[in-house]
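Predicted, not measured: the structure shown is a model, and the values here were computed from it. Residue numbering restarts at 1 for every chain, and letters A, B, ... go by the order of the sequence lines.
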Amino acid sequence: MAASDQLTGPWYARITGAIHRNLTSLIVGIPFFWLLLFFLVPFFIVLKLSFAESIIASPPFTSLLDWSKGGFPEIAINTENYLYLIEDDLYTKTFLNSLKIASICTIICLLIGYPMAYGIVRTQGTWRYIFLLLIILPFWTSFLLRVYAWMGILADQGTVNDILLYLGLIDKPIKLLYKPIAVYIGIVYTYLPFMILPLYANMEKLDSSLREAAMDLGANPVSTFFTVTLPMTLPGIIAGSLLVFIPATGEFVVPDLLGGGNVLMIGRLLSSEFNANHDWPVASAIAVVLLIVLVVPMMLYHKVQAAEASN
Amino acid sequence: MNVQASSDGESQVDYTHSPWLDPSATPFIQIKNINKQFGAFTAVNDVSLDIYKGELFALLGGSGCGKTTLLRMLAGFETPTSGSIIIDGVDMNGIPPYERPVNMMFQSYALFPHMSVHKNIAYGLKREGVAKAERTQRTNEILEMVELEEFAKRKPHQLSGGQRQRVALARALIKRPKVLLLDEPLAALDKRLREQTQFELMNIQEKLGITFVVVTHDQEEAMTLATRIAVMDKGDFEQIGTPAQIYENPRSRFIASFIGSANLLDCAVTKRDGDFYSVSQPGVDQPIVVEYDGELAVGANVTLAVRPEKIHVEKRSVANSSVAQGSNQLNGVVKEMAYLGRLSTYHIVTDSGVLIEVTSPNQSRYRDGNHPIDWDDEVTISFAPQSAVLLTE
Ligand SMILES: Nc1ncnc2c1ncn2[C@@H]1O[C@H](COP(=O)(O)OP(=O)(O)OP(=O)(O)O)[C@@H](O)[C@H]1O
Ligand SMILES: [Mg+2]
């Protein structure tokens, strides 16, 4: 029913029309409200903070609005924090290192996750659901607990070294914990399900007759994979990669617990600015830059996709 | 089949349009005792079939009878549990799909959604390693043949159902396979487009001389397209023959009722006079005479099958003068009547209580709009002894 009918129609139609319209706005409104409350509001608080100055007080930052002159407040925007991020190359280095670690971990997750997802999709019957359950199972215990477990596995007297020593492959423990390798292992372990699940969802929808058509037209299994399966699963690859790359870049727990102080990652740096140095404005500036670094490529990707879809 | 007088005066048979009758011809596709099990379930049950070069062969049968399974074994997507398939003299056992000289047009078309029409069609040539210039030229040629030149740059989802069907056909034809397999190629099209496309398919097949094996569950389609038809039921061939053979000489009750419609009456043989058998239904006195060239003993149970259009219907008042000598004649009453324009269908209950379906062409125009034969009219139906067949299966 068109809107004009609802305004001019009989009274009951107008009432149901009004309910209908309000219901629609309610349904659209809930996620919008959610986004506003839990993303935009905190973001603007952080953004505001990043332009403040650090002081020793509670809260430890200056207000953006300066009421001291009386009458109309002055806006005191302070870009020092951002300049500081550029001047001290620790931050640039940490950012680049985080991006490097996240990229490598994303690639490793893809290399492990792709065949796993493919294998699960090709499995028939109950086993498929058992495998899927095994992928999701780790989520049932606390993430922190699982990272502590990895500390136990990777420690000098940990499981890995015990086994290697027992097998006689090494004669003194190799250092794994508090080394970059521990961070890589931790991140890959943590985010692998986020790679597998979107890939699985994508591959499950893949029409097997497409693969057969390729083979029928003379493509051997390798060329079938590269000309049909891989391009068809690209959306799953991109979704999975974003789901791994974005949180991995800002990851804090893994570098903190498994990397110790030895692996520079931006999440950890942010946390230490915030907690140890009590420099909330600089911590906020880091958070804002991190967001931009992660959001801009995503928006570009969306633009490319939209352009592709429209022509 | 034409019998021609050749130059040396001897009569010589031309088998170009019916190679299956030529005793010296070797079949192009030989299916030998093929069996396919899925677990304990038998999808294809020990079938054998010879298909000759240039044939347009139809596999016809109801849903789940094993048509697709058989076709997929020809393409190499399924391995027969036992038996062998020989195409152009080469045993296909162990040869993967991408090395077989066959191409398949899939029921769902299976066009690559991420490729343009042009890329879809050129795919097979590219895999073959054909150079770009030749590839483009051949693709353009075939695009022209299926009249899709202006759609070359589109993606499959930007095409109509009929256009997609033509892309799928072009893609399967471009490698000029020895055999083209088509799984319900026209099922997704509406009736009008389907009929039009049937003739296009036949034209293309004739032009390229490629052997076609078409799977269909539409008997009319099979009759229109095919040189020969194999009717399948539960993984088995019920009958193999030309459309006319299958229609006019059905081998069993299943065939008679599956291909077209037929009146099937359970009868027993009461008398034999040469090739003329008298049969009658239990409890019905009046015998029906049928010409049959097989051996049947008196007392044997048979099914009398007679097609609705082979029965003549007339109002009883005018009937006696026009019924041909020697015809079977039954009296009855019209219970249902459907006027279909081209013809009319009648459901007639005979005096002995048997329901007979009759169709009759509307040869003269009923200018006042009144049908000469109507509900509850008393009629006489008649058919010649040659018009009915006796079935023992
Ligand atoms: N991969 C499979 N596993 C188990 N059973 C199968 C498999 N493929 C087919 N079948 C069974 O084999 C039988 C024949 O299937 P098929 O696909 O050949 O039928 P069809 O004649 O093509 O039917 P339709 O006209 O519905 O397409 C069906 O009963 C089907 O359930
Ligand atoms: Mg089928």
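The number of heavy-atom neighbours closer than 6.0 Å to CD1 of A:I135, taken from other residues, nucleotides and ligands shown, is above 12. Atom NE2 of B:H114 has more than 12 heavy atoms from other residues, nucleotides or ligands within 6.0 Å. No more than 12 heavy atoms of other residues, nucleotides or ligands shown are found within 6.0 angstrom of CD on B:E206. Sparse packing is recorded around CZ of A:F32, with 12 or fewer heavy atoms of other residues, nucleotides or ligands lying under 6.0 Å away. Around CZ of A:F143, the count of heavy atoms belonging to other residues, nucleotides or ligands within 6.0 Å exceeds 12.
The contact between B:F112 and chain A is made by backbone and side chain atoms together, counting heavy-atom distances below 4.5 Å. In this structure, chain A has heavy atoms under 4.5 Å from both the backbone and the side chain of B:R171. If you measure heavy-atom distances from B:M105 to chain A, you find no contacts under 4.5 Å at all. For B:L111, the part lying near chain A is the backbone, with the side chain staying farther off; criterion is any non-hydrogen pair under 4.5 Å.
Between B:Y123 and A:A219 the shortest heavy-atom distance is OH-CB, 3.5 Å. A:S209 approaches B:S108 most closely through the heavy-atom pair OG-OG, 3.7 Å.
Atom-to-atom distance recorded for B:Y109:OH and A:L210:CG is 14.5 Å, nearest 0.5 angstrom. Rounding to the nearest 0.5 Å places CZ of B:R100 at 10.0 Å from CG of A:D216. Atoms OG1 and CZ, on A:T227 and B:R127 in that order, are 4.5 Å from each other to the nearest 0.5 Å. Atoms CZ and CD, from B:R72 and A:E212 in turn, are 4.0 Å apart once rounded to the nearest 0.5 Å.
For residues 228-243 of chain A, heavy-atom neighbours of chain B at less than 4.5 Å comprise A:V228, A:P231, A:M232, sorted by residue number.
Counting heavy-atom pairs closer than 4.5 Å to chain A, the top residue among B:N103, B:I174, B:L125 is B:N103.
Evaluation of the ring pair (Phe, Tyr, Trp, His ring centres under 6.0 Å) rule for A:F38 yields A:W34 as partners, not counting sequence neighbours.
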